[in-house]
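What you see below is based on every heavy atom in this structure, not just the backbone, and it leaves out hydrogens, waters and symmetry mates.
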Amino acid sequence: MAGTKSIITDYKDICFFCGKPAECEHHLLFGNGTRKLAEEDGLKVPACNQCHTLGTVTGRIHDNVMAEKLSKMLGQAVFELEVGDRQDFMARYGKSYL
């Protein structure tokens, strides 16, 4: 993965979701300008293209409502464990997902 190191996993070459070789990265928080903040905070995981955007709707993260919600919840939970508290998260990202 390029850019800031993930604070979620040390395994940058393995898809976080299925274990296949990673081809891209998934920012746990995205949309409305939050992707850039997630990049800065390391709230991203390696992903294969199938799990990220190319698989069936139920087999990928994007355009899968439940997977997107869980992604944002995980991003916030890790932020609160590693970076700051809930107030810090809400100040930075504008809302709480938990």
Side-chain angles (χ1 to χ4, degrees):
M1 292 187 318
T4 306
K5 184 179 191 275
S6 171
I7 65 170
I8 311 298
T9 180
D10 291 330
Y11 300 101
K12 64 180 178 122
D13 298 323
I14 300 170
C15 178
F16 185 77
F17 307 102
C18 73
K20 292 181 181 173
E23 301 164 296
C24 59
E25 57 190 20
H26 170 65
H27 292 79
L28 298 174
L29 300 155
F30 50 90
N32 299 324
T34 60
R35 183 182 185 277
K36 182 179 184 238
L37 298 175
E39 173 72 29
E40 292 171 4
D41 294 339
L43 298 175
K44 59 187 181 177
V45 295
C48 70
N49 289 331
Q50 287 296 110
C51 290
H52 193 229
T53 57
L54 297 180
T56 63
V57 173
T58 57
R60 67 180 183 236
I61 299 303
H62 289 284
D63 301 318
N64 177 330
V65 175
M66 184 57 69
E68 287 185 1
K69 285 180 182 179
L70 290 170
S71 174
K72 291 174 180 178
M73 291 169 72
L74 175 62
Q76 180 175 345
V78 172
F79 180 96
E80 290 179 9
L81 285 171
E82 300 290 330
V83 179
D85 61 16
R86 184 147 309 162
Q87 294 301 332
D88 295 329
F89 182 86
M90 290 175 61
R92 185 150 171 84
Y93 288 95
K95 67 187 286 185
S96 174
Y97 299 101
L98 298 176

Asks: Within the side chain of Asp85, is there an N or O that forms a donor-acceptor pair under 3.5 Å with the backbone of Gln87?
Replies: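 Side chain of Asp85 to backbone of Gln87: a pair is present.
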Asks: Of all heavy-atom pairs between Ser71 and Leu28, which one has the smallest distance, and what is that distance?
Replies: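 The pair with the smallest heavy-atom distance is OG-O, 2.9 Å.
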Asks: Between the side chain of Glu68 and the main-chain N/O of Asp63, is any donor-acceptor distance below 3.5 Å?
Replies: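 Here the side-chain-to-backbone pair exists.
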Asks: With no hydrogens and no angle check, is any side-chain donor or acceptor of Gln76 less than 3.5 Å from a backbone partner on Ser96?
Replies: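 Not a single qualifying donor-acceptor pair exists.
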Asks: Tell me whether Leu81 is reachable from Met73 by hopping between hydrophobic residues (I, L, V, M, F, W, Y) whose side-chain heavy atoms are closer than 4.5 Å.
Replies: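 No; tracing contacts between hydrophobic side chains, which count when under 4.5 Å, never links both residues.
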Asks: To check you understand the geometry: which heavy-atom pair defines the closest contact between Gly84 and Asp88, and what is its length?
Replies: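 Scanning both residues, the minimum pair turns out to be CA-OD2, 3.4 Å.
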Asks: Look at the side chain of Glu23 and the backbone N and O of Asn49, then say whether any donor-acceptor pair between them is shorter than 3.5 Å.
Replies: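 Judged by distance alone, yes, a pair lies under 3.5 Å.
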Asks: On the ring face of Phe89, is Lys95 found with NZ or CZ under 6.0 Å from the centre and within 45° of the axis?
Replies: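 Verdict for Phe89: no cation-pi partner in Lys95.
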Asks: Where the side chain of Thr34 meets the backbone of Tyr93, is there a donor-acceptor pair that is under 3.5 Å apart?
Replies: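 No, because the side chain of Thr34 does not come within donor-acceptor range (under 3.5 Å) of the backbone of Tyr93.
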Asks: Please report the closest heavy-atom contact between Cys15 and Cys48, naming both atoms and the distance.
Replies: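 Distance-wise, the nearest heavy atoms are SG-N, 3.3 Å.
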Asks: Yes or no on salt bridge (Lys or Arg N to Asp or Glu O under 4.0 Å) for Glu40 and Arg35, after CA distance, side-chain angles and deciding distance?
Replies: CA-CA 9 Å; Glu40 292 171 4; Arg35 183 182 185 277; over 6 Å; no
Asks: Looking at Pro46 and Ile14, what are the two nearest heavy atoms and their distance?
Replies: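 Residues Pro46 and Ile14, closest heavy atoms: CG-O, 3.1 Å.
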Asks: Between Arg60 and Thr53, which heavy-atom pair has the shortest distance, and what is it?
Replies: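 Scanning both residues, the minimum pair turns out to be CD-O, 3.3 Å.
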Asks: Before you tell me yes or no, could you show the steps for His52 and Phe17 under ring pair (Phe, Tyr, Trp, His ring centres under 6.0 Å), namely the whole-Å CA-CA distance, both residues' side-chain angles and the distance that decides it to 0.1 Å?
Replies: CA-CA 9 Å; His52 193 229; Phe17 307 102; 8.3 Å; no
